[in-house]
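As a basis for the values below, the full set of heavy atoms in this structure was taken, side chains included, without hydrogen atoms, waters or symmetry mates.
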Amino acid sequence: KAKEYFEKAIELGNSNAMYNLGVLYEKGKGVKQDYLKAKEYYERAIELGDSDAIFSLGVLYDNGYGVKQDYLKAKEYYEQAAELDNSDAIFSLGVLYNNGYGVKQDYLKAKEYYEQAAELGDSNAMYNLGLLYDEGCGVKQDYNKAKEYYERAIELGNSNAMVNLGINYEKGYGVKQDYFKAKEYY
């Protein structure tokens with residue numbers, strides 16, 4: 001039923017409907033999964049300036065869904081969407097630099113992107129900032145800072161941050177060791 005409504009809205013030139021129909025095809029929700037159709041709808045939405053579609057096209061290239069995997073192309077789309085303050089794209093740029101996918105690994109650049117995305121309320125970026133400080137990747141290891149980022153991510157419902165904060169309480173990393181508190185986060 002959603003597909004029908006999106007198609008009607010597309011006839012009226014609605015970029016959000018184009019993007020959402022692309023999502024249905026990408027995820028195979030209510031339609032047969034078809035990455036090429038998803039790509040086609042994302043490209044149409046991009047022509048109308050939809051930042052979510054730009055990001056999603058980047059995801060297709062990042063993961064090789066229906067296209068040849070191409071981190072550089074993914075990066076280009078993420079950068080375009082990031083210019084439109086798309087927090088998912090900004091976070092994904094951080095991931096590329098964090099892991100060295102298609103770029104030289106650069107924890108400081110990853111940190112900068114994560115900080116930008118965190119400012120826009122991205123809990124995954126907050127969690128990844130916590131990881132950087134927890135592990136001392138590109139920054140001085142700082143369990144207190146890690147705890148702060150994990151707590152911010154937890155406030156937004158990030159379950160990975162809960163697990164990591166629980167581990168820190170279990171091991172006594174930057175906090176007084178407390179098994180009961182650890183259990184609360186697990």
Side-chain angles (χ1 to χ4, degrees), residues 1-99 101-103 109-132 149-162:
K1 196 80 171 163
K3 179 180 178 262
E4 291 174 34
Y5 290 120
F6 289 146
E7 286 171 338
K8 286 179 183 175
I10 287 169
E11 288 174 22
L12 300 172
N14 185 307
S15 71
N16 199 32
M18 291 175 200
Y19 161 71
N20 282 304
L21 193 52
V23 170
L24 292 183
Y25 279 108
E26 180 184 347
K27 308 290 183 199
K29 291 186 176 182
V31 296
K32 185 177 184 296
Q33 190 174 45
D34 187 334
Y35 293 122
L36 293 178
K37 272 195 175 164
K39 181 178 180 279
E40 176 187 319
Y41 282 109
Y42 292 153
E43 287 171 341
R44 289 176 61 189
I46 287 169
E47 288 175 19
L48 300 173
D50 190 294
S51 74
D52 289 325
I54 298 168
F55 164 71
S56 294
L57 192 52
V59 170
L60 295 182
Y61 281 101
D62 196 347
N63 295 290
Y65 295 153
V67 294
K68 185 178 185 299
Q69 187 175 41
D70 186 337
Y71 292 123
L72 291 179
K73 223 173 199 157
K75 179 178 173 273
E76 288 173 24
Y77 286 114
Y78 292 157
E79 286 172 339
Q80 287 176 34
E83 287 177 23
L84 300 171
D85 286 335
N86 183 299
S87 66
D88 292 325
I90 296 167
F91 169 75
S92 294
L93 284 166
V95 171
L96 292 180
Y97 281 98
N98 193 75
N99 296 307
Y101 294 151
V103 295
K109 202 159 195 145
K111 178 180 170 273
E112 289 172 19
Y113 283 120
Y114 292 152
E115 287 172 339
Q116 286 178 37
E119 285 298 312
L120 294 171
D122 189 300
S123 73
N124 290 318
M126 294 170 198
Y127 166 71
N128 279 18
L129 282 164
L131 281 176
L132 290 179
Y149 281 116
Y150 289 151
E151 287 173 340
R152 285 179 57 195
I154 289 167
E155 286 175 22
L156 297 172
N158 190 299
S159 61
N160 291 323
M162 292 177 80

Exercise. For E40 and Y25, does a side-chain donor sit closer than 3.5 Å to a side-chain acceptor?
Worked result: no

Exercise. Between V103 and K75, is any pair of side-chain heavy atoms under 4.5 Å apart?
Worked result: yes

For this session: Inspect the surroundings of OH in Y35 and state if more than 12 heavy atoms from other residues, nucleotides or ligands are less than 6.0 Å away.
Result: yes

Seminar exercise, completed: Heavy-atom closest pair (E26 atom, Q33 atom, distance to 0.1 Å) is O-NE2, 2.7 Å

Problem set entry | side-chain contact (heavy atoms from CB on, under 4.5 Å) evaluation trace for N158 with M126 | CA-CA 9 Å; N158 190 299; M126 294 170 198; over 6 Å; no

Exercise. Is it true that atom OH of Y101 has more than 12 heavy atoms of other residues, nucleotides or ligands lying nearer than 6.0 Å?
Worked result: no

Exercise. So do the side chains of V59 and Y78 get within less than 4.5 Å of each other, counting heavy atoms only?
Worked result: yes

Exercise. Which pair of heavy atoms, one from A89 and one from N86, lies closest together, and at what distance?
Worked result: N-OD1, 2.9 Å

For this session: Taking all heavy atoms of A125 and all of A117, pick out the closest pair and write down the distance.
Result: CB-CB, 3.6 Å

For this session: Let me see the working for I46 and L57 under side-chain contact (heavy atoms from CB on, under 4.5 Å), right down to the final yes or no.
Result: CA-CA 9 Å; I46 287 169; L57 192 52; 3.5 Å; yes

For this session: For side-chain contact (heavy atoms from CB on, under 4.5 Å), just list the numbers for D122 and I90, CA-CA rounded to whole Å, side-chain angles, deciding distance to a tenth of an Å, and then say yes or no.
Result: CA-CA 9 Å; D122 189 300; I90 296 167; over 6 Å; no

Exercise. Do F91 and Y113 have side chains that get closer than 4.5 Å, going by heavy atoms?
Worked result: no

For this session: Indicate yes or no: at least one non-hydrogen side-chain atom of Y150 is less than 4.5 angstrom from one of N160.
Result: no

Exercise. Mind checking whether E119 and E115 have side chains closer than 4.5 Å, heavy atoms only?
Worked result: no

Problem set entry | Shortest non-hydrogen separation from K68 to Y61 and the atoms involved | O-CD2, 3.7 Å

Exercise. Side chain of D62, backbone of G58: donor and acceptor closer than 3.5 Å?
Worked result: no

For this session: Ignoring hydrogens and angles, state whether a donor on the side chain of D50 or Y19 is under 3.5 Å from an acceptor on the partner side chain.
Result: no

Seminar exercise, completed: Correct closest heavy-atom pair for A153 and S123 would be CB-O, 3.5 Å

Exercise. Closest approach of S87 and L120, non-hydrogen atoms and distance?
Worked result: CB-CB, 3.8 Å

Problem set entry | Audit row: L132, N128, side-chain contact (heavy atoms from CB on, under 4.5 Å) steps and yes/no | CA-CA 6 Å; L132 290 179; N128 279 18; 5.7 Å; no

